[in-house]
2 protein chains.
Amino acid sequence: MTRSLPQADRPLPLLSTTAEYALRALAELAIAPPAEQIRSVDLAARTGVPEAYLSKVLRKLVSHGLLHGSKGHGGGFSLAKPAGRIRFIDVLEAVDSMPATERCAFGRPRCSTTNPCPLHPAWARLKHGFLEWAQTTTLAEVTGGAARGGSSRKSDRT
Amino acid sequence: MTRSLPQADRPLPLLSTTAEYALRALAELAIAPPAEQIRSVDLAARTGVPEAYLSKVLRKLVSHGLLHGSKGHGGGFSLAKPAGRIRFIDVLEAVDSMPATERCAFGRPRCSTTNPCPLHPAWARLKHGFLEWAQTTTLAEVTGGAARGGSSRKSDRT
DNA sequence: TCGGCTATGGACATTGTTGTCTATTGACAT
DNA sequence: ATGTCAATAGACAACAATGTCCATAGCCGA
């Protein structure tokens with residue numbers, strides 16, 4: 001029960017540790033039966049994240065409307081929307097882990113496509129790729145690979 | 001002369017601050033006349049990076065064979081190879097800023113394509129995009145916007 | 001040969017992120 | 001009503017990344 005998965009040994013610069021924790025918890029909730037409430041402690045155990053810290057992360061997710069938390073006996077957390085409507089970018093923003101994409105990597109105060117710094121094109125490509133990923137990926141992808149959420153506006157059967 | 005560009009206000013999780021500093025300095029060297037030596041102090045001023053810290057970063061780049069540093073009067077730093085042969089991935093590795101791409105974002109000890117964790121596909125896409133970027137982008141792109149580096153096996157002049 | 005210049009190297013300070021602890025608040029069961 | 005359970009909230013500690021400082025080693029010009 002208290003299996004304690006290994007936690008993030010080295011921080012990986014692509015995503016902050018906090019962001020990774022948030023995604024782990026949300027993924028765990030996404031693959032659970034829809035209306036099930038999962039306690040903070042259990043989420044921590046399943047995801048290998050320190051209890052107290054995860055608690056803080058979950059709070060942020062609640063305050064940003066991604067999770068619903070209920071107190072008392074039988075309480076716990078559950079997704080506040082269908083998985084298909086929770087984009088990774090929403091998660092990252094909720095835990096303050098979105099890169100400052102406007103900033104010039106070269107340090108220039110003003111840097112744009114028309115007046116680019118030397119690093120501009122390379123930096124722009126990286127940012128674009130990341131943004132694309134964060135915007136198009138949702139928690140629905142986590143559930144068995146099929147879309148369980150309201151992502152596609154057509155009929156999503158499976 | 002001591003113009004002091006603005007430095008990284010907020011750290012952006014995509015690239016560590018140190019990695020960004022390294023890229024700034026290398027870009028500055030890449031756009032300078034080929035054989036010119038630039039002093040650490042001048043590089044710091046031009047890139048807006050704290051002198052002493054940049055010095056440490058430059059040392060790493062030297063020890064990894066990306067830069068050549070010469071002491072004494074008239075000394076300074078210069079690229080150790082043609083810009084087209086310095087890939088961003090080389091830079092990131094030199095300053096220990098490459099994400100641990102093997103690690104499972106979900107925390108699973110064993111996680112592979114055949115036995116994937118819920119986050120695996122999404123995580124794999126992000127990693128792949130980043131790796132692709134780091135491997136194919138070289139300092140040559142920084143100079144004037146021309147040739148994307150020594151990737152093309154044809155003649156790369158300039 | 002001498003003196004200043006510049007990179008090199010390591011010790012140390014600072015800061016933000018991560019992680020821990022102790023209350024308080026609200027909900028459910030009895 | 002009461003006690004227990006679990007989320008909420010904020011203060012505090014540990015740690016790694018960032019930033020600063022000072023001494024040493026090698027190079028150049030005079």
Side-chain angles (χ1 to χ4, degrees), chain A residues 4 7-13 15-22 24-25 29 36-45 47-64 66-78 80 92 95-100 107, chain B residues 4 6-22 24-25 29 36-45 47-64 66-78 80 92 95-100 107:
Chain A
S4 161
Q7 41 210 76
D9 20 47
R10 327 176 199 173
L12 53 159
L15 250 44
S16 73
T17 303
T18 301
E20 186 180 319
Y21 287 170
R24 285 194 198 179
L29 283 165
E36 181 172 353
Q37 303 268 74
I38 306 185
R39 296 183 307 161
S40 169
V41 183
D42 292 332
L43 278 175
T47 58
V49 174
E51 290 184 20
Y53 193 66
L54 180 62
S55 184
K56 283 169 67 170
V57 176
L58 293 175
R59 245 185 286 158
K60 286 188 182 176
L61 297 177
V62 168
S63 70
H64 280 76
L66 301 182
L67 282 186
H68 170 73
S70 57
K71 300 180 174 177
H73 195 101
F77 295 91
S78 57
L92 300 186
V95 297
D96 299 308
S97 286
M98 272 303 285
Chain B
S4 165
Q7 41 210 76
D9 22 46
R10 328 178 198 172
L12 53 160
L14 258 181
L15 249 43
S16 73
T17 304
T18 301
E20 187 180 319
Y21 288 169
R24 284 194 199 180
L29 284 165
E36 182 172 352
Q37 302 268 76
I38 306 185
R39 295 184 307 162
S40 169
V41 183
D42 292 332
L43 277 175
T47 57
V49 175
E51 291 184 20
Y53 193 68
L54 180 62
S55 183
K56 283 168 67 171
V57 176
L58 293 175
R59 242 183 289 158
K60 285 188 182 176
L61 297 176
V62 168
S63 72
H64 279 76
L66 302 182
L67 283 187
H68 170 73
S70 58
K71 299 179 176 179
H73 196 101
F77 294 92
S78 58
L92 300 187
V95 297
D96 299 309
S97 287
M98 273 302 287

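In the text below, chain A, chain B and the rest are named by the order of the sequence lines, each starting its count at 1.
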What contact category does V41(B) fall into here, base, sugar-phosphate, or nothing, at under 4.0 angstrom with non-hydrogen atoms?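 Counting heavy atoms under 4.0 Å across all strands, no contact is made by V41(B).
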Nearest whole Å is fine: how far is [N] [atom2] from [X] [atom1]?
X      : N       : atom1 : atom2 : value
L15(A) : dT17(C) : CG    : P     : 15 Å
L58(A) : dT8(D)  : CG    : P     : 8 Å
R39(A) : dA7(D)  : CZ    : P     : 7 Å
L54(A) : dA6(D)  : CG    : C1'   : 14 Å
E51(B) : dC22(D) : CD    : C1'   : 14 Å
Y53(A) : dT8(D)  : OH    : P     : 17 Å
L61(B) : dA7(C)  : CG    : C1'   : 14 Å
F77(B) : dG26(D) : CZ    : C1'   : 13 Å

When you check the phosphate oxygens OP1 and OP2 of [N], does a side-chain N or O of [X] lie under 4.0 Å from one of them?
X      : N       : value
S40(B) : dT6(C)  : no
S70(A) : dA27(C) : no
Y21(A) : dG19(C) : yes
T18(A) : dT18(C) : yes

Would you say the side chain of K56(B) lies within less than 4.5 Å of the side chain of T18(B), judging by non-hydrogen atoms?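 They are not in contact (no side-chain heavy atoms under 4.5 Å apart), so the answer is no.
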Heavy-atom pair of closest approach, residues R24(A) and T47(A):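 Shortest heavy-atom contact: NH1-O, 2.7 Å.
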Separation between [atom1] of [X] and [atom2] of [Y], rounded to the nearest 0.5 Å:
X      : Y      : atom1 : atom2 : value
S97(A) : L14(B) : OG    : CG    : 11.0 Å
L61(A) : H68(A) : CG    : NE2   : 14.0 Å
L58(B) : L67(B) : CG    : CG    : 6.0 Å
S40(A) : I38(A) : OG    : CD1   : 11.0 Å
F77(B) : L29(B) : CZ    : CG    : 9.0 Å

Toward the 5' end of DNA chain C, by each residue's nearest nucleotide, G76(B) or G72(A):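 With G72(A) and G76(B) compared, the 5'-side residue is G76(B).
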Considering heavy-atom distances to DNA chain C, does K71(B) or G74(A) have its closest nucleotide positioned more toward the 5' end?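 On the 5' side of the pair lies K71(B).
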Where the side chain of H73(B) is concerned, which of dA6(D), dA7(C), dC28(D) is the nearest nucleotide?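 Of all the options, the side chain of H73(B) is nearest to dC28(D).
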Side chain of S16(B) only, please: which of dA7(D), dA7(C), dT18(D) is the nearest?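 Within the option list, the nearest is dT18(D).
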Protein-proximity profile, nucleotides 9-15 of chain D, B/S/- by nucleotide at the 4.0 Å heavy-atom cutoff, equals BBB----
